[in-house]
Amino acid sequence: MTANELIVFAFSLYSAMGPIKTLGEANTSIQNGMASAERLFELIDAEPLVKNGTHSISGFSDVIRFEDVSFKYLQEADAAAVLDHVSFDIRKGELVALVGQSGSGKSTAVDLLLRFYDVDSGRITIDGVDIREFDYKQLRSMIGVVSQEVILFNDTIEHNIAYGVQGVVEHERVVQAAGLANARKFVEEKPDMYETIVGDRGLQLSGGQRQRLAIARAMVRNPDLLIFDEATSALDNESEQVVQEAIRQYFGGQDCACGCP
């Protein structure tokens with residue numbers, strides 16, 4: 001073998017080492033993929049516990065009623081109930097506050113109303129009809145929720161506010177919702193205003209600004225029922241005051257039915 005042939009052979013052997021090593025690891029990757037696919041298809045094929053209803057609903061005219069509602073997340077006999085025979089009314093046009101310690105079931109009541117879960121006993125009715133009879137997509141479309149954790153997308157402020165609304169949302173409607181949420185001032189101070197990109201999960205904005213956009217997103221839909229699920233608990237005092245002012249502005253300065261500020 002000449003020197004040139006030896007060099008070519010050495011480089012060829014060196015070049016083949018990577019593919020051979022990859023080929024040896026291929027079986028491990030295949031097995032990992034098969035295990036992941038098995039878990040994924042098991043999840044996709046799972047039957048939902050919440051069964052969809054057949055009745056249509058576009059709003060409510062009188063009262064939402066929790067009637068002797070009980071619920072627990074674990075179905076074991078000795079599991080503690082999160083809600084235990086709870087009853088209360090929410091009348092149209094009324095502001096109602098659920099007050100309690102962490103873990104007392106406030107967010108669970110919201111989840112049950114949205115039919116993320118179904119009650120174990122009792123029932124929740126809208127104008128006298130059990131919510132389990134309604135199409136849950138229509139039911140959820142009439143409810144606006146502002147939660148503690150704000151989900152914003154790496155898109156413009158306008159698109160984030162209009163997210164979730166069926167059809168085309170006019171710019172004036174977005175501006176009006178931003179005004180009601182006390183967000184219009186800081187938005188219009190941005191160089192690109194409503195075309196400003198907020199970054200992944202809204203990292204370009206402060207916590208109070210993100211929360212106000214979440215309020216505007218709920219308000220742009222003009223829902224029949226607007227729920228604030230501890231919407232200010234993660235904010236500093238100044239941001240919390242601004243967000244609470246936005247909430248009071250939207251409700252026209254009303255106080256809730258329990259007398260809370």
In the structure I gave you, are the side-chain heavy atoms of [X] and [Y] within less than 4.5 Å of one another anywhere?
X	Y	result
H85	E67	no
D130	E133	yes
D118	R132	yes
L213	I215	no
I124	V69	yes
I64	T125	no
R217	L152	yes
D89	F66	no

Nearest heavy atoms of [X] and [Y], plus distance in Å:
X	Y	value
R123	V119	CA-CG2, 4.3 Å
V174	A162	CG2-CB, 4.3 Å
A218	L226	CB-CD1, 3.6 Å
H159	D155	ND1-OD1, 3.1 Å
A214	V146	O-CG2, 3.9 Å

Open item on the list: Counting neighbours of CD1 on I44 that are heavy atoms of other residues, nucleotides or ligands and sit closer than 6.0 Å, is the number greater than 12?
Closed with: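 More than 12 heavy atoms, drawn from other residues, nucleotides or ligands, come within 6.0 Å of this atom.
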
Open item on the list: How about CD on E38, more than 12 heavy atoms from neighbouring residues, nucleotides or ligands closer than 6.0 Å, or not?
Closed with: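 No, because the 6.0 Å sphere around CD of E38 holds 12 heavy atoms or fewer from other groups.
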
Open item on the list: Taking the cut-offs as 6.0 angstrom to the six-membered ring centre and 45 degrees off its axis, would you call R140 and Y136 a cation-pi pair?
Closed with: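 Here R140 passes the 6.0 Å and 45° test against Y136.
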
[atom1] of [X] to [atom2] of [Y]: how many Å apart, nearest 0.5 Å?
X	Y	atom1	atom2	answer
D120	K72	CG	NZ	7.0 Å
F88	L98	CZ	CG	5.0 Å
L83	F71	CG	CZ	8.0 Å
I131	I57	CD1	CD1	9.0 Å
L114	L112	CG	CG	9.0 Å
Y14	F9	OH	CZ	15.5 Å

Keeping the roles fixed (side chain from [X], backbone from [Y]), state whether a donor-acceptor pair exists under 3.5 Å.
X	Y	result
N160	F153	yes
R39	M34	no
T196	K190	no
E5	T2	yes
S36	G33	no

Open item on the list: Checking I143 against I227 for the side chain to side chain contact (heavy atoms under 4.5 Å, CB included) test, could you report, in this order, the C-alpha distance in whole Å, the side-chain angles of both residues, the deciding distance, and whether it holds?
Closed with: CA-CA 7 Å; I143 303 174; I227 299 173; 3.7 Å; yes

TODO: Indicate, with yes or no, if V129 and V63 share a hydrophobic cluster defined by side-chain heavy-atom contacts under 4.5 Å among Ile, Leu, Val, Met, Phe, Trp and Tyr.
DONE: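 The answer is no; the residues belong to distinct hydrophobic clusters.
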
Open item on the list: Please determine whether residues M193 and I197 belong to a single hydrophobic cluster, defined as Ile, Leu, Val, Met, Phe, Trp and Tyr linked transitively by side-chain heavy-atom distances below 4.5 Å.
Closed with: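 Unlinked, M193 and I197 end up in two clusters.
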
- [ ] Please check if any side-chain donor atom of T108 sits under 3.5 Å from a side-chain acceptor atom of Y73, or the reverse.
- [x]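 Present: a donor and an acceptor within the cut-off.
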
Open item on the list: Which label fits H55 and F134: parallel for a plane angle under 30°, tilted from 30 to 60°, or perpendicular past 60°?
Closed with: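 If you compare the ring of H55 with that of F134, the planes turn out perpendicular.
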
Task: Charged N-O contact under 4.0 Å between D135 and K137 - done: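 Looking at D135 and K137, the cut-off is not met.
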
- [ ] Decide, yes or no, whether a salt bridge links K92 with D62 under the criterion of side-chain N to carboxylate O below 4.0 Å.
- [x]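 Between D62 and K92 there is no salt bridge, as every charged N stays at least 4.0 Å from the carboxylate O atoms.
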
